[in-house]
Amino acid sequence: MGLGRIDLFLILLALANANAFLRFWIDKRAAVAGVRRTPERVLLWAAMFGGFGAWLGQHLLRHKTHKEPFRTRLGVVIGLHLVGVAGIVWVLLFN
């Protein structure tokens, strides 16, 4: 018996969240070391697919928590992520 569509989606979602967290962690290390940083647009795109991982990375690592307008943009992107995830779950469960 193989994995269902919802199972595959949850696996991909977990991987996207891990990717987003990892990108925030790498950027935090680069900031501390004073080396080349991850562009904010890359962090925001990672958050679009892995919103919880991005949020967790921002707060656990205390990374970009006061930088505006990034903080506001990240909040909007995470909101869009949540709406998208809810929509996909609804489609997978009820169609």
Side-chain angles (χ1 to χ4, degrees):
M1 188 165 176
L3 295 174
R5 293 184 311 164
I6 193 75
D7 298 320
L8 290 173
F9 173 70
L10 291 174
I11 290 168
L12 291 174
L13 185 61
L15 290 172
N17 278 289
N19 174 61
F21 183 87
L22 182 63
R23 288 183 182 276
F24 272 77
W25 180 69
I26 289 169
D27 190 48
K28 174 67 175 192
R29 288 190 54 192
V32 170
V35 297
R36 189 170 185 203
R37 305 281 303 277
T38 303
E40 288 184 352
R41 70 180 180 279
V42 172
L43 296 175
L44 291 171
W45 273 109
M48 181 62 80
F49 297 100
F52 180 69
W55 179 85
L56 202 60
Q58 183 187 35
H59 291 280
L60 285 181
L61 302 171
R62 297 181 193 171
H63 187 50
K64 294 188 175 275
T65 55
H66 297 289
K67 186 172 183 199
E68 287 294 349
F70 181 82
R71 188 173 71 147
T72 300
R73 289 179 182 155
L74 182 62
V76 169
V77 168
I78 290 172
L80 291 171
H81 165 78
L82 293 173
V83 169
V85 167
I88 291 169
V89 168
W90 186 84
V91 167
L92 290 174
L93 290 177
F94 300 111
N95 288 325

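Neither Trp55 nor Val42 shares a network with the other; the hydrophobic side chains, linked directly or stepwise wherever heavy atoms of I, L, V, M, F, W or Y lie under 4.5 Å apart, form separate groups for each. Cluster annotation: Val91 is not connected to Met48 through the hydrophobic network of ILVMFWY side chains, with a link wherever side-chain heavy atoms come within less than 4.5 Å. Clustering ILVMFWY residues whenever any of their side-chain heavy atoms sit less than 4.5 angstrom apart, transitively, puts Leu10 in a cluster other than the one holding Leu12. Cluster annotation: Val85 and Leu82 are assigned to distinct hydrophobic clusters (Ile/Leu/Val/Met/Phe/Trp/Tyr, side-chain heavy-atom contacts under 4.5 Å, transitive). Under the 4.5 Å side-chain heavy-atom criterion for grouping Ile, Leu, Val, Met, Phe, Trp and Tyr, Ile11 is not connected to Phe52 through any hydrophobic cluster.
To the nearest 0.5 Å, atom CG of residue Leu92 and atom CG of residue Leu8 are 9.5 Å apart. Rounded to the nearest 0.5 Å, atoms CG (Leu44) and CD1 (Ile78) are 9.0 Å apart. Here Phe21 contributes atom CZ and Leu60 contributes atom CG; the two are 5.5 Å apart, rounded to the nearest 0.5 Å. To the nearest 0.5 Å, the span separating CG on Leu93 from CD1 on Ile6 amounts to 4.5 Å.
Listed by chain and number, the residues in a side-chain contact (heavy atoms from CB on, under 4.5 Å) with Val35 are Ala30, Ala33 (sequence neighbours excluded). The side chain to side chain donor-acceptor pair (under 3.5 Å) check on Arg73 picks up nothing, with sequence neighbours excluded.
Using a 4.5 Å cut-off on side-chain heavy atoms (C-beta onward), Trp45 and Val77 make no contact. Side-chain contact check for Leu13 versus His81: some heavy-atom pair is nearer than 4.5 Å. Between Leu15 and Asn19 the shortest side-chain heavy-atom distance does not fall below 4.5 Å. With contacts defined as side-chain heavy-atom distances shorter than 4.5 Å, the pair Ile88/Phe9 qualifies. At least one side-chain heavy atom of Phe70 sits less than 4.5 Å from a side-chain heavy atom of Leu43.
Remark: the backbone N or O of Gly4 is paired with a side-chain donor or acceptor of Asp7 at under 3.5 angstrom.
Here the closest heavy-atom approach between residue Ala54 and residue Ala47 is recorded as CB-CB, 3.5 Å. Scanning all heavy atoms of the two residues, the minimum distance from Phe49 to Ala16 falls at O-CB, 3.3 Å. Residues Gly53 and Ala20 come closest through the heavy atom pair C-CB, 4.1 Å.
The residue from His66, Lys64, Arg71 that alone fulfils the side chain to side chain contact (heavy atoms under 4.5 Å, CB included) condition with Glu68 is Arg71.
The aromatic rings of Phe94 and Trp90 are tilted relative to each other, their planes meeting at an angle between 30° and 60°.
Sorted by first and then second residue, the salt bridge (Lys or Arg N to Asp or Glu O under 4.0 Å) pairs with a member in residues 10-31 read Asp27-Arg37; sequence neighbours excluded.
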